[in-house]
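If you're wondering where the values come from, they're calculated on a predicted model, not measured in any experiment.
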Amino acid sequence: MKTYLILAFSFFTLMLSAQQNGSVVGKLTDKELNDDPLPFANVLIKGTTMGTTSDFDGLFQIADVEPGTYTLVFSFLGYETLEIPNVVVEAGKVTEINAGLGASSVGLDEVVVTTTASKDSEIALLLQQKNALVMQEAISAEALTLKGIDDAAAAVAQISGISKQQGSSNVYVRGLGDRYQNTTMNGLSLPSNDVNKKNINLDLFGSSIIENVAVSKAYSPTFYGDFAAGNVNVDSKEYTGDGYLEVALGGGINTNAAGEEFLKSEGTSDFGFYNRYDNDPFAVVLSHGVDPESTWEPINVSGAIEGGYSFNFNDDKSRLSFFGAASFSNGFEIWEGPARDFTNVLKIDFPNVREYAYKTTTTALANVSYRINSENKIKFNSLFVNSAADRVGYYGVNGQGTNRDAILNTDEGFYVMNVQFNQDMIFVNQLTGQHIFDEKLTFDWGVGFNKVFSDEPDRKRITLENYQFALDNDNTTNPVFYTNIPFDNQRFFQSIEDDELNSFMNLGYQASEKVKFNFGYNGRRKERRFNSIRYGYDIQDRDNTPITDVNNFNSIFHYTNINIPDGEGLWNTLVLNPISNEIGNTNRPGLPENTYKGNLDIHALYATAELGLTDKLSIVPGLRVESYSQKVVYDVINISATDPGFREVYENIFLPSLNAKYSLTENSNLRASFSKTASFPEFKEAAPFVYESVTQRVGGNPDLLGGLDGNGPTYSDIYNYDLKYEWFLERGEIISLAAFAKTIKDPVNRVVAADATGTQRYFRTGEQADVYGVELELRKNLLMDADENAILSAGLNAAYTHTEQDLRDIPAGSENTFGTSFDRDSDELEGASPFIVNADLNYSPVFGNYRPKATVAFSYFSDRIFSLGAGSLGNIVERAVPTLNFVWQNAIGEHFEANLSAKNILDPDISLVREGTGIGDVIIREYNLGVNVGLTLKYKF
């Protein structure tokens with residue numbers, strides 16, 4: 001009604017003007033988004049300089065047009081241009097043209113085009129954000145290209161209140177870490193590819209397979225109840241146009257690694273694969289050495305190919321579309337700096353560590369979409385990701401490493417070589433459908449199956465004393481093995497396998513223009529199977545086994561030196577869990593020393609009502625009822641013999657929510673939201689397996705699932721409050737200000753226990769944590785061209801978050817498997833940065849066929865707690881990190897593109913610091929990543 005009133009008013013006003021010229025008015029609709037208004041499209045009169053752009057309601061007006069016959073031209077980025085000839089303008093009259101634009105098959109028959117939805121336009125997403133009844137923010141494929149963003153992790157870091165940990169895949173939303181987030185693809189849950197994380201590594205989703213990335217920080221019952229910070233959804237790319245093929249090749253260097261001889265694990269391919277999974281670990285130990293080997297020259301390379309094709313038939317009412325993309329990239333980095341193990345005292349100190357970090361990512365996506373007709377569509381997605389990280393670390397290379405438990409010398413010469421390879425293979429398969437039965441009834445559904453293989457095969461760790469003798473050029477003095485326990489020199493094998501089946505159904509009923517109901521179900525069944533095994537080298541006579549060449553341990557750990565059959569060898573292998581007592585644990589294969597199996601089952605029903613109370617005010621009340629069960633069965637070392645070896649919980653949870661939207665003006669909204677949600681423990685938090693790196697130990701705690709006596713909390717209740725103002729300005733511009741608050745009952749934190757081992761475990765550290773903060777987002781076009789396209793634009797988002805939680809002592813005993821204590825009553829929440837800032841400046845001029853785009857992007861997060869300190873010890877804190885990236889994209893003609901990038905220009909230190917030690921702050925790990933400079937060439941056929 002508003003649209004027609006505006007058009008009528010325009011007509012009436014122009015008629016009264018009694019001028020001799022005429023006008024052209026009309027409305028543009030987006031055929032890609034169910035005929036929603038299409039804002040900011042270009043409307044030009046061909047052969048003249050007269051034109052305009054459509055507003056947020058798709059309305060346009062070209063006034064004071066001389067009488068005549070013209071051709072009207074409609075255009076929009078990513079859509080086919082539509083020309084309407086023979087538009088007659090008469091003196092003193094208004095000519096009305098209503099048209100629709102789409103990505104392809106634009107025709108003049110009734111000026112109507114029928115195609116599928118496209119969400120890769122920044123403007124389309126802003127329009128969706130404006131009209132949505134629930135708060136959401138997104139970054140489009142268009143913005144990914146403009147800002148030179150390579151992956152989904154970097155994409156979400158452009159959204160207010162979100163930061164990405166430099167050199168890591170960790171993403172923090174509103175100061176809350178991994179355990180408080182969810183990640184989905186096309187609305188279906190995604191698995192974690194890392195035992196230490198709940199969410200999948202967003203770095204794995206390259207920009208070539210992303211249509212958009214959306215973050216919902218306000219809860220809706222369609223999301224899983226395990227929700228606190230937000231839900232990140234990646235929409236995979238879907239192609240709907242004519243056939244194309246694009247090939248890209250790239251190369252670059254890292255300033256730390258360039259020109260260095262680089263090392264990696266033996267037995268792993270340069271492409272990130274390991275081919276010995278079918279062999280028993282004991283056979284690998286006997287057959288393959290421990291020394292690393294040389295790899296390619298440290299030149300970063302990347303390659304990608306993508307293409308798509310669509311077939312239209314049945315008079316263009318049906319369409320079958322194909323899209324595929326595959327890519328490979330690698331990266332070389334050298335990390336140098338100190339590493340320390342500070343428990344209640346400084347236990348191990350390596351003033352200098354040199355670590356070679358080699359990473360690869362291989363991604364393949366296939367997408368088949370079949371639009372049966374305008375009312376029915378089904379889509380199949382298949383995603384494969386192989387992510388590998390190879391690290392060769394030398395701890396104490398300057399001979400100054402110390403260990404208070406050293407046998408020969410506690411003042412110098414302690415040294416560790418740690419060589420490990422981690423491979424994560426992910427298979428995601430999804431089938432989704434969308435159906436429109438009539439004007440009132442819609443049905444959407446989806447089912448997915450995820451498979452994850454996460455392995456750390458054959459980690460080698462060799463520990464020496466008196467390493468300083470390897471540096472003195474004296475053949476008569478040499479290092480020796482450190483043999484406090486046989487596992488100081490070891491081979492370690494770890495395997496994780498995840499299976500997950502998940503699904504959703506949503507039935508929408510449009511009862512009236514002002515009322516819509518949604519009823520739905522979603523659920524997931526997930527199982528994780530974990531095992532690990534170690535083989536220790538028991539050195540028989542370390543004093544008479546000098547190490548004359550620290551770069552050739554293979555000469556010692558060769559199978560010919562094993563201490564059988566005559567007992568005169570150099571070493572035995574030991575395993576903790578023998579196959580049988582008759583076989584024994586010496587020089588024999590063994591069984592895994594740590595295993596656990598975790599099961600998670602969630603089934604939920606929900607209902608929402610979208611109520612337009614007035615023309616300006618809409619509310620969405622909702623209720624979700626979720627059945628939650630979780631079980632962890634474990635058999636691990638270093639746990640009490642009286643422990644039952646499992647925890648199992650079952651809960652029915654009621655989760656109400658209310659979202660409200662008030663349209664202050666046509667282009668500004670005021671939003672509010674309240675919800676109750678939950679936070680469930682992760683398998684790695686609940687399983688008491690302890691993972692030991694060189695200087696840190698991290699383990700789970702089964703008491704998170706009800707406590708040792710079964711009477712404790714099994715999950716955290718979370719109360720969420722949001723208030724947001726948003727003002728949509730011109731094309732691509734927005735100003736928004738948000739305030740939020742959260743109350744988390746029985747929060748979970750990682751705590752550095754004040755014991756001899758300094759193991760970090762997860763505890764419910766208090767009754768309540770409070771979170772509140774504000775967010776600001778600005779996007780502004782600073783300079784426009786004649787067609788109202790932005791030449792110079794800027795973006796800024798910033799957030800302040802305050803967190804405070806109460807702390808309580810947890811004594812070990814009848815109620816708790818593990819204990820901890822605090823010398824303070826409160827602290828900040830783990831993973832929370834008080835300040836987060838993201839800013840970017842984009843320059844996009846046009847010089848004929850040359851269309852460069854230059855982008856400078858800056859991000860910053862302030863200090864945040866990595867682990868809470870227990871007893872009198874302070875926290876482990878991750879120091880603030882600023883990041884500056886530059887991308888220069890050069891589109892030359894229609895087919896060729898050359899892109900130059902410089903990432904991590906400031907090259908800040910990555911630091912973890914232990915506070916409150918009694919001797920001042922102690923750096924427990926510090927290094928920098930180097931600057932990555934690269935060039936990528938693309939050609940589109």
Side-chain angles (χ1 to χ4, degrees), residues 120 141 144-145 149-155 169 183-186 188-194 199-213 233-240 243-250 268-275 277 300-310 320-331 359-370 379-390 422-432 446-455 497-500 936 938-941:
D120 62 353
L144 295 180
T145 301
I149 294 172
D150 296 328
D151 53 63
S169 61
T183 307
T184 56
M185 186 174 80
N186 303 316
L188 290 163
S189 62
L190 283 174
S192 170
N193 64 302
D194 187 337
N199 291 276
I200 195 169
N201 183 347
L202 291 174
D203 286 345
L204 305 180
F205 294 90
S207 58
S208 64
I209 65 174
I210 297 173
E211 189 168 89
N212 69 71
V213 182
N233 182 69
V234 179
D235 271 341
S236 60
K237 183 173 289 186
E238 177 184 350
Y239 188 69
T240 58
Y244 85 102
L245 181 67
E246 182 175 281
V247 178
L249 294 173
T268 62
S269 79
D270 292 319
F271 294 96
F273 291 89
Y274 181 80
N275 61 2
Y277 291 120
N300 301 334
V301 298
S302 63
I305 183 171
E306 65 177 81
Y309 200 86
S310 294
L320 183 63
S321 302
F322 299 90
F323 174 78
S327 65
F328 170 82
S329 63
N330 67 1
K359 300 178 181 179
T360 65
T361 301
T362 303
T363 306
L365 173 73
N367 173 295
V368 181
S369 175
Y370 178 43
K379 182 170 68 171
F380 176 74
N381 284 292
S382 184
L383 173 70
F384 166 75
V385 178
N386 184 78
S387 175
D390 200 314
N422 294 85
Q423 182 181 3
D424 304 303
M425 286 193 294
I426 307 166
F427 300 85
V428 178
N429 293 282
Q430 300 178 337
L431 182 65
T432 59
V447 61
F449 178 73
N450 306 321
K451 184 79 172 181
V452 176
F453 297 96
S454 182
D455 295 281
E497 186 175 347
D498 278 4
D499 294 324
E500 181 178 356
T936 301
K938 293 184 179 180
Y939 192 85
K940 185 174 183 178
F941 298 90

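Of all heavy-atom pairs spanning N300 and G331, the tightest one is OD1-CA, 3.3 Å. The minimum heavy-atom distance linking D455 with D424 is given by the pair N-OD1, 4.3 Å. Looking at every heavy atom in both residues, T361 comes nearest to S387 through OG1-OG, 4.4 Å.
Here the CG-CG distance, from D499 to N450, works out to 9.5 Å after rounding to the nearest 0.5 Å. The CD atom of E246 lies 10.0 Å from the CZ atom of F941; values are rounded to the nearest 0.5 Å. One distance of note links CE of M185 with CG of L365; it measures 6.5 Å at 0.5 Å rounding. Rounding to the nearest 0.5 angstrom, the gap separating the CG atom in N386 from the OG1 atom in T360 is 6.0 Å.
Two rings, from F328 and F271, have their centers less than 6.0 Å apart.
At most 12 heavy atoms of other shown residues, nucleotides or ligands fall within 6.0 angstrom of atom OH in Y309.
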- Dump the intermediate steps for salt bridge (Lys or Arg N to Asp or Glu O under 4.0 Å) on E500 and K451, then the final yes or no. CA-CA 7 Å; E500 181 178 356; K451 184 79 172 181; over 6 Å; no
- Would F384 and I426 count as a side-chain contact (heavy atoms from CB on, under 4.5 Å) if you check the C-alpha gap in whole Å, the side-chain angles of each, and the deciding distance to 0.1 Å? CA-CA 6 Å; F384 166 75; I426 307 166; over 6 Å; no
- Can F380 and L431 be said to form a side-chain contact (heavy atoms from CB on, under 4.5 Å), step by step? CA-CA 5 Å; F380 176 74; L431 182 65; 4.1 Å; yes
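Panel note: side chain T184, backbone L188; no donor-acceptor pair is recorded below 3.5 Å. Looking at N186, its side chain never comes within 3.5 Å of a backbone N or O of N233 through a donor-acceptor pair.
Stacking of K379 on the aromatic ring of Y370 is not recorded, the 6.0 Å distance cut-off and the 45° axial limit not both being met.
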